[in-house]
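The structure appears below as structure tokens.
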There are 2 protein chains.
Amino acid sequence: MLSKKAKYALQALIQLAREYKQNPVLISELAQRERIPKKFLELILLDLKRHGILQSKKGKGGGYFLGKPPEAIAMGQVIRILDGPLAPLPCVSQTAYMKCQECRDEKTCSIRMVMQQVRDSTAGILDGTSLADLMQLTPKKTARKRL
Amino acid sequence: MLSKKAKYALQALIQLAREYKQNPVLISELAQRERIPKKFLELILLDLKRHGILQSKKGKGGGYFLGKPPEAIAMGQVIRILDGPLAPLPCVSQTAYMKCQECRDEKTCSIRMVMQQVRDSTAGILDGTSLADLMQLTPKKTARKRL
DNA sequence: ATTTACTCTATTAAACTGATAGAGTAAATA
DNA sequence: TATTTACTCTATCAGTTTAATAGAGTAAAT
């Protein structure tokens with residue numbers, strides 16, 4: 001299940017993607033637009049910054065902005081930062097592999113084999129979808145009205 | 001993430017699938033074979049019984065056994081019973097749909113669109129894999145040795 | 001009647017989730 | 001350089017979920 005943290009992160013990033021190469025956006029601005037508790041959003045953005053997804057500028061005229069182009073930021077990457085590995089079992093994670101304690105023989109564990117498929121298809125979708133893709137999936141309402 | 005509960009359930013069911021149409025298996029037998037805390041397993045099996053996956057017989061010579069053939073029990077079904085819906089967001093669940101509070105317009109929510117794909121591919125795999133399939137993926141070691 | 005073995009309700013500790021509070025620090029500008 | 005702005009960091013918290021345990025109760029076989 002996607003946590004609220006990860007969902008908030010994606011919402012905020014989509015907003016920031018729209019303003020890419022424009023001015024930094026205030027946390028409070030983002031919080032208001034997406035109805036996210038401001039203090040909670042702070043933690044999320046800070047985390048994204050630590051992972052190089054975002055950059056920030058302090059003081060007046062400051063705020064947050066994308067650290068790389070929207071095409072270069074995948075949903076999978078964002079979700080992993082906030083929620084941890086995509087894999088439904090630690091033993092099928094590519095980015096955070098861990099042997100699961102109860103498994104006696106990983107090679108013949110049938111549950112693992114199926115979960116491997118699940119993780120691959122999930123990762124395929126989420127790593128194959130960038131912020132740029134997400135932006136295109138939701139055209140701005142205002143832009144539509146202007147047509 | 002698959003919970004231990006669901007994983008234990010699948011392990012136990014695979015064992016019971018091997019004994020399909022043979023004798024009932026004791027909880028304690030299953031617990032020992034799969035190294036599952038017995039009392040914990042009791043709750044799991046009871047839950048599976050309430051959902052028609054298992055049947056049981058009390059008293060001496062009793063135990064648990066599959067309520068339907070292994071081909072008729074899908075992984076997805078089992079996981080839903082123990083862990084709830086497969087969908088990564090309540091708003092894309094087929095079996096337990098719920099509007100997510102923060103979403104202002106479900107139809108244009110791009111996060112939702114992608115998560116819909118994730119849920120469909122996950123459900124496709126898990127509902128398409130039965131206990132019979134799982135059994136075949138893990139040939140009994142003893143059987144192998146006898147070849 | 002007694003043993004066997006499933007059934008049910010309650011309780012627990014630890015971890016996780018979503019959220020809040022407040023002090024601290026860096027950068028802009030007047 | 002004083003002040004304002006706005007990000008940075010640490011701590012805390014209530015509520016829920018997860019994994020597990022305990023113990024009394026009930027049905028069925030011998």
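As the structure is a prediction and not an experimental result, all values here were calculated from the model. In what follows, chains carry the letters A, B, and so on, assigned in the order in which the sequence lines appear, proteins first and then strands, with residues in each chain numbered from 1.
Atom NZ in A:Lys5 sits about 14 Å away from atom P in C:dT20, given to the nearest Å. With rounding to whole Å, A:Arg50 atom CZ is found 12 Å from D:dC7 atom C1'. Residue B:Leu46 contributes atom CG, which lies 9 Å from atom P of C:dT9 at whole-angstrom precision. With rounding to whole Å, B:Leu54 atom CG is found 15 Å from C:dA5 atom C1'. Rounded to a whole Å, the CG atom of B:Leu30 is 13 Å from the P atom of C:dA5. If you take NZ of A:Lys7 and P of C:dA19, they are 12 Å apart, rounded to a whole angstrom. Distance, B:Lys49 NZ to C:dA5 P: 16 Å, rounded to whole Å. Taking atom CD of residue B:Glu42 and atom C1' of nucleotide C:dT9, one finds them 13 Å apart after rounding to whole Å.
Regarding contacts with the backbone of C:dA5, every side-chain N or O of B:Ser28 stays at 4.0 angstrom or more from both OP1 and OP2. Dashed line: the shortest gap from a side-chain N or O of A:Ser3 to OP1 or OP2 of C:dC16 is not under 4.0 Å. Not one side-chain nitrogen or oxygen of B:Tyr8 sits closer than 4.0 Å to the OP1 or OP2 atom of D:dT18.
In summary, the side chains of B:Ser56 and B:Lys49 do present a donor paired with an acceptor at a separation below 3.5 Å, with no hydrogens or angles considered.
Sequence order on DNA chain C of the closest nucleotides to A:Leu41 and B:Gly63 puts B:Gly63 first from the 5' end. For the pair B:Lys60 and A:Phe40, nearest-nucleotide mapping onto DNA chain C gives the more 5' position to B:Lys60. If B:Gly59 and A:Gly62 are placed on DNA chain D by their nearest nucleotide, the residue sitting closer to the 5' end is A:Gly62.
Using a 4.0 Å heavy-atom distance criterion, A:Leu43 is classed as a base contact. Looking at heavy-atom distances under 4.0 Å, A:Lys4 makes contact with sugar-phosphate atoms alone, never a base.
For B:Tyr64, taking side-chain heavy atoms from C-beta onward, the closest of the listed nucleotides C:dC6, D:dT8, C:dT7 is C:dT7.
Ring-centre distance between B:Tyr8 and B:Phe40: below the 6.0 Å cut-off.
For A:Lys39 against C:dG18, no side-chain N or O and base N or O form a donor-acceptor pair under 3.5 Å.
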Fill in: Stepwise side chain to side chain contact (heavy atoms under 4.5 Å, CB included) check, A:Leu89 with A:Val92
CA-CA 6 Å; A:Leu89 284 180; A:Val92 297; 4.1 Å; yes

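At a threshold of 4.5 Å between non-hydrogen side-chain atoms, the residues A:Ile111 and B:Gln11 count as touching.
Taking the charged nitrogens against the carboxylate oxygens, B:Arg112 and B:Glu106 do have a contact shorter than 4.0 Å, which makes a salt bridge.
D:dT18: Watson-Crick or G-U partner is C:dA13, with both key distances under 3.5 Å. Nucleotide D:dT26 forms a Watson-Crick or G-U wobble pair with C:dA5, both donor-acceptor distances falling under 3.5 Å.
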